[in-house]
Amino acid sequence: MIHTMECAVDAQSLISISLRKIHNSRTQRGGIKLHKNLLVSYVLRNARQVYMNEKYAEIYRMQQYEEVMTVCNEIQELNPLDLVEDCEEQTVDCCSSMNESPSLCGALLPVSHQASPVQHIQPTSACSVPIPLQSEEVCKSPDPSFYRSCCAEAYPVSNCDFSPVNSMHCNKTTVLDLDTHVVTTVESGYLHQDCCASLQQCCQGAQSPVKKRKLDFGYYVSEIEEVPDFTPCKRAKFEDSSYACTEPLDTSNISNLISIFGSGFTGLVSRQAELEQALNGQFCSKQALASLGAWTRAIVAF
Amino acid sequence: MAGVGGGNDFQWCFSQVKGAIDEDVAEADIISTVEFNYSGELLATGDKGGRVVIFQREQESKNRSLSRGEYNVYSTFQSHEPEFDYLKSLEIEEKINKIRWLPQQNAAHFLLSTNDKTIKLWKISERDKRAEGYNLKDEDGRLRDPFRITSLRVPVLMPMDLMVEASPRRIFANAHTYHINSISVNSDYQTYLSADDLRINLWHLEITDRSFNIVDIKPANMEELTEVITAAECHPHQCNVFVYSSSKGTIRLCDTRAAALCDRHSKFFEEPEDPSSRSFFSEIISSISDVKFSHSGRYMMTRDYLSVKVWDLNMENRPVETYQVHEYLRSKLCSLYENDCIFDKFECCWNGSDSAIMTGSYNNFFRMFDRNTRRDITLEASRENSKPRAMLKPRKVCTGGKRKKDEISVDSLDFNKKILHTAWHPKENVIAVAATNNLYIFQDKMN
């Protein structure tokens, strides 16, 4: 268990710092220092472990809430006047039992509420039967993989709903088949396809079959948690995250570096020229984090 | 407060400082290695610019009995030049990583110096006589007309101003793919080893075109690499024994009699990690930056980022002594990681009798530990205390709470002023401390 108390720096910023060091080492005089880069990769691995653990815990908490809210929504459809209060109570109970603030739960609610009626009905109809049962089970016994599948099923991710103003056209719906645990992503946007592709490609560390879904979830979840009022702010937060994604070119170099790093440092040296070609700055540290799934050991090779 | 030395109370005094006073430090002038020779008469330094400077101790004369023998410049030469590897498009730094003296066997002195890729054997010899009275040429070197020579004479050796010449006698090149971090002369005085990140080679001093690879930890798949070699040293008496340390905080002792390739160690020294102190940087601070056998050959000392450990060669599961160098930095590891200081490689050294050890720290502080009394002292290499024979005042770092007078708080430490390289005279209480581009020499007052 890593003690993070000695630094206010969180895992994510440590990862950014480490990536920057690796990137800078390419241009240092005397060539890439194997020892130093090996040590940096250990820090990266440690930070990633902490980050992933935190994310898992977060998702677990949110899934608890999501389950309850989904049930509430279904009930609300039947009798919106009578059952909203009940659902909210359950939600609050569930969240408080999971040590979450009601505002956070409210923030997490948005997907179902914000979605258009058509989309809203889709997931519930798809899983109306199993979810109530599963949500109870989930609340009682948090098995991560099982939990994630419920979470994934609970609501669809529709990025296009929250696609920011800045012309990132993305239309995507992700649905999990509870039987086969296959995540189906239907996208019609360039950006998101790339995001998912990179996540899927690089995410090999987690054992759960729905890990892709989890990463999608994680992609904007961390933005949500700061939002007390869910409906308008979530949209704004997604815009913020998208702004975060349009970072300067050196960040894209770094994430490109990471995808190469995942296949060994030999890639780094041989593809130095390729590294100079930047993506359109669409990657941010979060995506780099997501792509760290391929790392299971400290690796430096040249 | 009494100093630390070797049982008795010693007082460390300033003796000399070498190097420029300028605040502006040229990168090339930064000292990268310091080493006394076997007698202590010579002190060699190497710097980042590839130069070697050798100081020689003055003979003590009866007239100046109070002033100890001072070290003056004996020879300066350019050992390594920057090179370029065209195949890999990599520049090879000229920085001198290590200097190791050979035992003196005749009038000349020999040393090995190495940069990242190439080791060189230098011969340093004196010339204080020259032949005069040649038959075929004049004193100024012009050839004489043979027909003008009417008589023959035997040239006579006449004294001249002392001239010290350094000439490269051997160049051991192209044997290391990775960066050389250590060289060590064997006790047989015929062979030496050189270590890079993944391999250790054994050379014969006379043979430059080949070497034996005796350790190779490069995995078949580089993606499986988990540790590198950080330092290596030959045993001072047993020419078949050597040790190498790793970035994982382990030390392996190998016996060349066991196998041609010493990948399998004879002894494995590792102290179990304390799980409660685990952090993001546990791997970095456990990486060993230096390993040194004691003069007796019974112990060895390792330096990691925060501590120095003394190991008994007969006990592998833990060190016999652990000394905290600057434990107050443990809470600062994040910042030290950001500014790269956490990667600094501190060296350590024994005194001649193995009763004390010394290592460097930040803010131009260096630390000494007396193994017998368990006392430790922190001293500072500073031009402010640079009056001749001025006694060094012990320094103290305030780790929290109210700062006492003369204490310095952790946040006030200057992490750009680091003492990575120190050396202790093999026989006397004289120490050389490299502080960036300055070399400080301190002596014990009573000595």
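Chain letters run A, B, ... following the sequence lines, proteins first and then strands; every chain starts at 1.
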Practice prompt. Take B:Glu347 and B:Arg303, measure what side-chain contact (heavy atoms from CB on, under 4.5 Å) needs, and give me the verdict at the end.
Written response: CA-CA 7 Å; B:Glu347 294 174 5; B:Arg303 175 71 155 99; over 6 Å; no

Discussion item. Taking atom CG as the centre, does B:Asn221 end up with more than 12 heavy-atom neighbours from other residues, nucleotides or ligands that are less than 6.0 angstrom away?
Written reply: yes

Practice prompt. Check whether B:Asp340 gets within reach of chain A through its side chain, its backbone, both or neither, counting any heavy atom under 4.5 Å.
Written response: both

Item to complete: Carefully, step by step, assess B:Tyr362 and B:Tyr328 under the rule ring-ring contact (aromatic ring centres under 6.0 Å, His included).
Response: CA-CA 12 Å; B:Tyr362 293 104; B:Tyr328 46 79; 9.1 Å; no

Worksheet item: Measuring heavy-atom distances to chain A, does B:Thr230 have an atom under 4.5 Å in its side chain, in its backbone, in both, or in neither?
Response: side chain

Practice prompt. Would you mind checking which part of B:Ile342 comes under 4.5 Å of any heavy atom in chain A, side chain (CB onward), backbone (N, CA, C, O), both or neither?
Written response: neither

Discussion item. Please determine whether a side-chain nitrogen of the Lys or Arg among B:Glu83 and B:Lys117 lies less than 4.0 Å from a carboxylate oxygen of the Asp or Glu.
Written reply: no

Worksheet item: Checking heavy atoms, do the side chain of B:Ser287, its backbone, both or neither come under 4.5 Å from chain A?
Response: side chain

